[in-house]
Amino acid sequence: MHRTTIREFLDSLRCGAELPLVPVGACLEEVVRVMVKGHRRRIVYVVDGDRQLKGAITLSHLKDIIFRFFHDERLGTAVVVSERIVELFTSEKAEQVMSLDVPSCLTDETLADAVGRMMATNVTDMPVLDQEGRVVADLDILDLLELWLKRGNQAFT
């Protein structure tokens with residue numbers, strides 16, 4: 001029985017999805033821009049100059065970082081909150097807020113193994129790395145669900 005590789009699965013998808021990548025030195029404003037640029041983005045991958053994965057910033061984490069000032073009782077006025085958010089957007093860097101432990105998969109790995117890792121680590125997006133550790137794609141749970149609708153369980157066995 002042929003086991004589908006991640007490369008085969010990604011090759012079957014429609015083209016054109018831009019990877020959600022930011023450099024380690026990107027400010028939070030750039031991180032937000034990359035995240036909201038795509039309609040389904042829940043994660044941004046932080047990479048070095050060679051596209052080597054260094055970490056990730058999830059939508060949930062970003063929400064907590066940016067909007068925490070709106071719920072901080074010590075900040076009483078909208079002006080102070082606005083000033084803190086502007087300061088945060090320009091001073092905080094991706095490498096300062098990213099998660100370092102990011103589950104990933106390789107292009108030649110089986111789809112079943114990658115889905116198993118996604119389930120075990122409770123993630124909905126996972127970076128796909130080439131043999132040199134560069135981010136080359138994003139394994140998205142919505143694409144996997146679409147595959148399941150088309151091919152059923154046999155797509156993952």
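Count residues from 1 along the sequence.
At a threshold of 4.5 Å between non-hydrogen side-chain atoms, the residues L53 and V102 count as touching. A heavy-atom distance below 4.5 Å is found between the side chains of L111 and L144. Using a 4.5 Å heavy-atom threshold, the side chains of M118 and P103 count as separate. Counting heavy atoms from C-beta on, the side chains of V97 and L28 come closer than 4.5 Å. Using a 4.5 Å cut-off on side-chain heavy atoms (C-beta onward), M35 and P20 make no contact. Considering only heavy atoms from C-beta on, R42 comes within 4.5 Å of I141 through its side chain. Using a 4.5 Å cut-off on side-chain heavy atoms (C-beta onward), K150 and E146 make contact. T4 has its side chain within reach of R151: a pair of non-hydrogen atoms, C-beta onward, lies under 4.5 Å apart.
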Extract all donor-acceptor atom pairs below 3.5 Å that involve side chains of residues 129-139 and protein atoms in other chains or at least two apart in sequence.
unit_1, atom_1, unit_2, atom_2, d
D130, OD1, E132, N, 3.0
D130, OD1, G133, N, 3.1
D130, OD1, R134, N, 2.9
D130, OD2, R134, NE, 2.8
D130, OD2, R134, NH2, 2.7
Q131, NE2, D108, OD1, 3.3
Q131, NE2, D108, OD2, 3.0
E132, OE1, R134, NH2, 3.0
D138, OD1, Y45, OH, 2.4

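Listed by first and then second residue, the side-chain hydrogen bond (donor to acceptor under 3.5 Å, both in side chains) pairs involving residues 46-56 amount to none (not counting sequence neighbours).
Considering every non-hydrogen atom in both E109 and A114, the closest pair reads OE2-N, 3.8 Å.
Rounding to the nearest 0.5 angstrom, the gap separating the OG1 atom in T5 from the CD atom in E8 is 3.5 Å. In this structure, I43 CD1 and L59 CG are separated by 10.0 Å, a value rounded to the nearest 0.5 Å.
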Yes or no on side chain to side chain contact (heavy atoms under 4.5 Å, CB included) for L106 and I6, after CA distance, side-chain angles and deciding distance? CA-CA 7 Å; L106 299 173; I6 292 172; over 6 Å; no

